[in-house]
Amino acid sequence: MPNNKNIILIGFMGVGKGSVAREIIKISEYMSVDTDDLIESMENRTVKKIFEQEGEAYFRNLEKKISLWLENCVKNTLISTGGGFYKQENLKDIGVVVFLNSPFDKILKRIKSHPNASKKLKKRPLLNDLKKAKELYKERLPEYMAVADIVIDVTDKSALECAKELLKKVKEHA
Ligand code: S3P
């Protein structure tokens, strides 16, 4: 492991944070956690249900709780995050921030080409309205860029290629 720091993966819904994380753990010593998975197990219900039953603010509070736990208790770990987690104030104190980037249309194409495409779209409340999702992407892009230590363009690359590029860049960044 290049240093004791966590790697924190940020990026828009559907860009492939989970897929890249799964490749990284195959080819390195990192273990990974995913903030949405943590929330779902804490709550014993899906993110979709949490949004429906409690609203977005409640979900963001859970993300805040997780961000504090990550900062204080987790190290040497690859952390993949939900698309809005990058707003946590202590993001940079959690680890090296890696932004996975791709144009909105390419992200959509990636989701739609998946065998479980409709499930992937349905489970993400903020992707229900694609026009609004595109606006959200435009709004967030400069914010993702601003908070990132490392940017990886994932367009037309396999998850394995992205994973290798990421590990190389993290090593150089150390
Ligand atoms: C969100 C992204 C989702 C999930 C929630 C909110 C967002 O995660 O955390 O639906 O605000 O962009 P993915 O990026 O894994 O889809």
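Residue numbers count from 1 along this sequence. Counting starts at 1 for both ligands and their atoms, following the listed order.
- Under 4.0 Å from ligand 1, not a single heavy atom of K120 appears.
- Considering backbone and side-chain N/O of R124, one or more are found under 3.5 Å from N/O of ligand 1.
- We find that K168 and E172 are joined by a salt bridge, their nearest charged nitrogen and carboxylate oxygen being less than 4.0 Å apart.
- K87 does not count as a contact of ligand 1, since none of its heavy atoms falls under 4.0 Å from the ligand.
- Under the 4.5 Å side-chain criterion, counting only non-hydrogen atoms from C-beta, V98 is not in contact with V151.
- Every N/O-N/O distance between G11 and ligand 1 stays at or above 3.5 Å.
- Using a 4.0 Å cut-off between heavy atoms, K48 makes no contact with ligand 1 at all.
- Side-chain contact between L91 and F85 is present, with heavy atoms from C-beta onward closer than 4.5 Å.
- For E63, no nitrogen or oxygen atom sits less than 3.5 Å from a nitrogen or oxygen atom of ligand 1, counting backbone and side chain alike.
- Residue contact check: V47 has heavy atoms under 4.0 Å from atoms 5 (C), 10 (O) of ligand 1.
- Contact annotation for R140 and ligand 1: only side-chain heavy atoms (C-beta onward) come within less than 4.0 Å of the ligand.
- Within 6.0 Å of the NZ atom in K169, the count of heavy atoms belonging to other residues, nucleotides or ligands exceeds 12.
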